[in-house]
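Report on the structure given below.
Along the sequence shown, residues carry numbers from 1.
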Amino acid sequence: MNVLEFIHGWGGECRLELRLTGTLLTDNTIRVQGNALLFEGTSEGTGDLDGQRDISFLIPKGGVVAQHNFRVNNDDEGDDFADVQLTCTNSVFE
């Protein structure tokens, strides 16, 4: 299932695209997986992919993964980067 899709541009030349999915495991743990893509070019709509980061973490049943932090660096050029902070919960609704 899709959990999150987030696209944000800044500075007129950078864009972060974050896409995450969640999978419910047999023990009611949720596996969150996805990727973050950093684009940098002549506009926020650029197709010039300069950095990426794969994401994978588990959220136990009834648990919280607070402040899952990571950075996506521009690996091709420059000092651009995006810092991402996620807080996720696996709550039981009855």
Heavy-atom pair with the smallest gap, counting every atom of [X] and [Y]:
X	Y	value
Ile30	Gly22	CG2-CA, 4.2 Å
Ala36	Leu16	CB-CD1, 4.1 Å
Ile59	Asn90	O-ND2, 3.1 Å

Looking at side-chain heavy atoms only, is the closest gap between [X] and [Y] below 4.5 Å?
X	Y	value
Leu86	Leu4	yes
Asp50	Glu77	yes
Phe6	Val84	no
Leu25	Arg31	yes
Phe39	Thr46	yes
Asp76	Leu49	no

Can you tell me how far [atom2] of [Y] sits from [atom1] of [X], rounded to the nearest 0.5 angstrom?
X	Y	atom1	atom2	value
His8	Cys14	NE2	SG	10.0 Å
Glu40	Asp75	CD	CG	12.5 Å
Asn74	Leu38	CG	CG	5.5 Å
Asn73	Gln52	CG	CD	12.5 Å

Arg71 to Phe81 six-membered ring, cation-pi geometry met (6.0 Å, 45°):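 Ring-cation test returns yes.
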
Do Asp27 and Thr29 have side-chain N/O donor and acceptor atoms under 3.5 Å apart?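 Checked: Asp27/Thr29 side chains pair up, N/O donor to acceptor below 3.5 Å.
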
Indicate yes or no for a side-chain donor-acceptor contact from Thr89 to the backbone of Ser91 under 3.5 Å, with no hydrogens or angles considered.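 No: the side chain of Thr89 does not pair with the backbone of Ser91.
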
Pick from Val72, Ile7, Ile55: which one makes a side chain to side chain contact (heavy atoms under 4.5 Å, CB included) with Leu18?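 With Leu18 as partner, Val72, Ile7, Ile55 yield a single side chain to side chain contact (heavy atoms under 4.5 Å, CB included), made by Ile55.
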
Shared ILVMFWY cluster between Leu20 and Phe70, side chains joined below 4.5 angstrom?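 Per the 4.5 Å side-chain linkage, Leu20 and Phe70 are co-clustered.
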
Basic-acidic side-chain contact under 4.0 Å: Arg15, Glu44: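 Salt bridge flag = no for Glu44 with Arg15.
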
